[in-house]
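By convention here, the first residue in the shown sequence is residue 1. When reading the values below, keep in mind they use all heavy atoms of this one structure, side chains included, and skip hydrogens, waters and symmetry mates.
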Amino acid sequence: MKKLLSIILLCIVVTDVNAQSPKPCGPVPTENQLRWQEMEMYAFIHYSMNTYTDQEWGFGNEDPKLFNPSDLDCRQWARVCKQAGMKGIIFTAKHHCGFCMWPSKYTEYSVKNSPWKQGKGDVVRELADACKEEGLKFAVYLSPWDRNHADYGKPEYVTYFRNQLRELLTQYGDIFEVWFDGANGGDGWYGGANETRKIDGKTYYQWAETFRMIRELQPKAVIWNDGGDRGDLRWVGTEAGNVGETNWSLMPATGDTPWHMLHYGVENGDVWCPGETNTSIRPGWFYHDAENEHVKSLSKLMDTYYKSVGRNSTLLLNFPIAPNGRIHPNDSLRGIAFKKMIDEVFKTNLAEKAKKKTSGYETIIDFGKPTAFNRFLSEEEISQGQRVKEFSLEALVDGEWQQLKDALVDNGNGLTTIGHRRIICFPTVKATKLRFTITAAKCQPIIKKLGVYLAPELTADIPDSGEKKSSSLHFFFSNPKQMMIDWDKEQTITSFRYLPPQKTRDGLITHYTLWASSDWANWTKLASGEFSNIVNNPIWQTIKFPATKARILKLDADKLAEGERMNFDDIEIVIE
């Protein structure tokens, strides 16, 4: 039988003046990490040249003249994010294409050479000021990979990269987080070289020196890094909006980080490195007209909240900016509804007026009468370390104790680790008592809050896109990397959609060429390119092209993420 341990409930007044606070258990967070964890939700803003080219990753040769928003309003962004419950904003100051959203003196590839405000504008400045006005914290994303710069891959580029970082850290006030994407090296324009360049992400950027500069210039900032050196925060291994039900805020100080470490943390890790869950309110990170009716539903956003903030993580929720320079109404309305639903779920803590009795290893919450509830919340005092390994929940229904499990976990009861905050969801029960028992812990647990709530039921509410999809599709593989698709008759087609395999990278297409024909003999090239970020975010990919009459398509997999044979979960052809 597992050893049952005592619980210190900080909400209980300690009357023994000789009592001492428990010693820290293992690694503990810094003041910066504690301050960051308490933010719980903050926004990503993705806005760049990709907004005007309908891409996720720009190649680096896009014309700066494309950047000319008609109604750019950073105060609208800040107001929307604040109303959506975000405590701050991280802005993509430079994405992989290399285009700088501020007038960097180190490159000509920036807003200073765009028509917007006759080249006198500075999006980073306007957003930093807007955040300050709305009481939001501000942070920056600077892509290490730069597909525009001629020196990328050479030592000279690292100096350029740090010079740009210094600009961002010294000209725009306090920064709460510095975010470095893990995408490094590959094909790009590179000043006209149009070639593929590979770098060692662990050594090329010399992260130790870069981190030292950040801590000197912005001592209150936390560092998110997916490179070789360990930052203050870690990626959770997916962009789908969830972290593991078991989630330790600990990692090994050095070494590689395989997916299971990123997703679940490491119980006996020797540094405090909590997970940050990043996802977008839309399928993609940048704005695309085709996604206007695919903004995540309220139920999906709540599911994301429970699987991020409710699993000892924070939620970094992306709001893409539309070409006019504003957050689209569909996104803003859904984001604001999300915050209202969170407030509705957690407005009444049924445990506050109930009687609570803690005896050694368990706490019983006595409601005094049958009471309906479906959410349980617990929090550890993480300043003293993360301690709880497993716990159990039981509800007293009609005089019998019933085990409760996390309904959002497929296998087991899901009642592992607590950390900053753990929320357990289960079908509504009507019980007179709730019993919370810690069944395994690394050290004496310190629980600072317990909560019991009744959340309203939600259903999925994503509207149908209204697109016509081609039916009666027939397909076969002419070779392992070529798919042939035909249908009953010639029709006018406008786009092709590819859903990559969801449970494997084997056969996932990263680069493609698409051809059309009506007679199997004469072929027209419709499009070629890459499915940007598809490995980390395997969502529907849409290839648009001018309306074309055809009854056959040929899809060439020019490059696969893994394996030798192309693979897919679904395909669609959109017709007029």
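- Annotation: side chain of Tyr109 is not in contact with side chain of Cys100 (no heavy-atom distance under 4.5 Å).
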Quick one: do Phe44 and Trp179 satisfy ring pair (Phe, Tyr, Trp, His ring centres under 6.0 Å)? Show the steps, please.
-> CA-CA 10 Å; Phe44 234 164; Trp179 214 95; 5.0 Å; yes
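- In this structure a side-chain-to-backbone donor-acceptor pair under 3.5 Å is present from Arg230 to Pro252.
- Trp224 and Glu177 form no side-chain donor-acceptor contact under 3.5 Å, judged by distance and modelled atom types alone.
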Would you check, one step at a time, whether the test side chain to side chain donor-acceptor pair (under 3.5 Å) holds for Asn533 with Glu239?
-> CA-CA 10 Å; Asn533 200 32; Glu239 296 175 359; 2.9 Å; yes
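- Side-chain contact annotation: His288 with Glu56, donor-acceptor N/O pair under 3.5 Å present.
- In this structure, the ring of His95 has its center less than 6.0 angstrom from the ring center of Tyr141.
- Checked for salt-bridge contact, Asp174 and Lys220 miss the test: no charged N lies under 4.0 Å from a carboxylate O.
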Check the pair Asp122, Tyr172 against side-chain contact (heavy atoms from CB on, under 4.5 Å), reporting the backbone distance first and the verdict last.
-> CA-CA 11 Å; Asp122 184 341; Tyr172 300 99; 2.7 Å; yes
Between Lys307 and Asp406, is a salt bridge (charged side-chain N to carboxylate O under 4.0 Å, His left out) present by the stated rule, with each step listed?
-> CA-CA 11 Å; Lys307 291 178 178 177; Asp406 191 339; over 6 Å; no
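- The heavy-atom pair separating Tyr52 from Pro69 by the smallest distance is OH-CB, 3.4 Å.
- For the residue pair Arg282 and Asn292, a side-chain donor N or O sits within less than 3.5 Å of a side-chain acceptor on the partner.
- Under the 3.5 Å distance criterion, the side-chain polar atoms of Asn68 are left unmatched by any main-chain donor or acceptor of Leu66.
- Ring geometry, Phe376 versus Phe391: the interplanar angle falls from 30° to 60°, so the pair is classed tilted.
- Side chain to side chain, His96 and Ser143 meet the donor-acceptor criterion of an N or O pair below 3.5 Å.
- Inter-residue side-chain proximity for Ser110 and Trp102 is flagged as unmet; no heavy-atom pair is nearer than 4.5 Å.
- With rounding to the nearest 0.5 angstrom, the CG atom of Leu317 is 8.0 Å from the OG1 atom of Thr304.
- Side-chain contact between Tyr42 and Ile90 is present, with at least one heavy-atom pair separated by less than 4.5 Å.
- A 4.5 Å side-chain heavy-atom check between Thr417 and Asn312 finds every atom pair outside the cut-off.
- The shortest side-chain heavy-atom distance between Tyr152 and Tyr160 does not fall under the 4.5 Å cut-off.
- Taking the charged nitrogens against the carboxylate oxygens, Lys105 and Glu167 have no contact shorter than 4.0 Å, which rules out a salt bridge.
- Ile281 has its side chain within reach of Asp331: a pair of non-hydrogen atoms, C-beta onward, lies under 4.5 Å apart.
- In this structure a side-chain-to-backbone donor-acceptor pair under 3.5 Å is present from Trp77 to Gly325.
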Start with the C-alpha distance between Arg421 and Glu40, add both sets of side-chain angles, then the distance that settles salt bridge (charged side-chain N to carboxylate O under 4.0 Å, His left out), and finish with yes or no.
-> CA-CA 10 Å; Arg421 175 170 298 169; Glu40 297 188 352; 3.0 Å; yes
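- Heavy-atom minimum distance, Met251 versus Met261: SD-O, 3.6 Å.
- The side-chain contact (heavy atoms from CB on, under 4.5 Å) test with Val178 is passed by exactly one of Leu168, Asn225, Ile214: Ile214.
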Should Lys389 and Glu267 be marked as a salt bridge (charged side-chain N to carboxylate O under 4.0 Å, His left out) after you check the CA-CA gap, both sets of side-chain angles, and the distance that decides it?
-> CA-CA 8 Å; Lys389 297 168 65 173; Glu267 179 181 332; 3.3 Å; yes
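- Among Phe161, Trp145, Trp235, Tyr205, the one residue that satisfies the ring pair (Phe, Tyr, Trp, His ring centres under 6.0 Å) test with Phe180 is Phe161.
- With sequence neighbours left out, the side-chain hydrogen bond (donor to acceptor under 3.5 Å, both in side chains) criterion links Lys112 to no other residue.
- Side chains of Leu434 and Phe373 form a contact here, defined as non-hydrogen atoms less than 4.5 Å apart.
- Using modelled atom types, one finds no donor on one side chain facing an acceptor on the other under 3.5 Å when comparing Arg234 with Thr257.
- A distance of 6.0 Å or more separates the ring centres of Phe91 and His46.
- Going from atom CZ of Arg375 over to atom CZ of Phe426 covers 8.0 Å, rounded to the nearest 0.5 Å.
- Put simply, the side chain of Gln541 gets close to the backbone of Ile539: a donor and an acceptor are under 3.5 Å apart.
- Counting heavy atoms from C-beta outward, Glu245 and Tyr264 have side chains that approach closer than 4.5 Å.
- Shortest non-hydrogen contact noted between Phe338 and Leu301 is CE1-O, 3.4 Å.
- Between Lys94 and Asp181 no salt bridge is recorded (no basic side-chain N to carboxylate O distance below 4.0 Å).
- Note on Lys296 versus Asp303: no salt bridge recorded, every NZ/NE/NH1/NH2 to OD/OE distance being 4.0 Å or above.
- Looking at every heavy atom in both residues, Gly121 comes nearest to Val111 through O-CG2, 3.4 Å.
- In summary, the side chains of Tyr287 and Asn324 do not present any donor paired with an acceptor at a separation below 3.5 Å, with no hydrogens or angles considered.
- Here Lys340 does not pair with Glu344 in a salt bridge; the nearest charged N to carboxylate O distance is not below 4.0 Å.
- Salt-bridge annotation for Glu133 and Arg75: present, with a side-chain N of the basic residue lying under 4.0 Å from a carboxylate O of the acidic one.
- Nearest heavy atoms, Ala221 versus Arg215: O-NH1, 4.2 Å.
- Within 6.0 Å of the CZ atom in Arg35, the count of heavy atoms belonging to other residues, nucleotides or ligands exceeds 12.
- There is a side-chain donor-acceptor pair under 3.5 Å between Ser313 and Thr277.
- Interatomic distance, Leu377 CG to Tyr453 OH, rounded to the nearest 0.5 Å: 5.0 Å.
- Put simply, CZ on Phe99 and OG on Ser48 are 6.5 Å apart, with the number rounded to the nearest 0.5 Å.
- Going from atom CG of Asn148 over to atom CD of Glu108 covers 11.0 Å, rounded to the nearest 0.5 Å.
- Listed here is the closest heavy atom pair of Met341 and Pro456: SD-CG, 3.8 Å.
- For the residue pair Ser308 / Asn242, no side-chain donor-acceptor distance below 3.5 Å is found, with atom types taken as modelled.
- Screening Ile175, Asn32, Thr30 for a side-chain contact (heavy atoms from CB on, under 4.5 Å) involving Val222 leaves a single residue, Asn32.
- Between Lys117 and Glu126 there is a salt bridge, since a side-chain N of the basic residue sits under 4.0 Å from a carboxylate O of the acidic one.
- For Glu62 and Asn50, the side-chain atoms include no donor-acceptor pair closer than 3.5 Å.
- Between Leu165 atom CG and Ser104 atom OG the span is 11.0 Å, to the nearest 0.5 Å.
- Between the side chain of Gln33 and the main chain of Trp272, a donor-acceptor pair closer than 3.5 Å is present.
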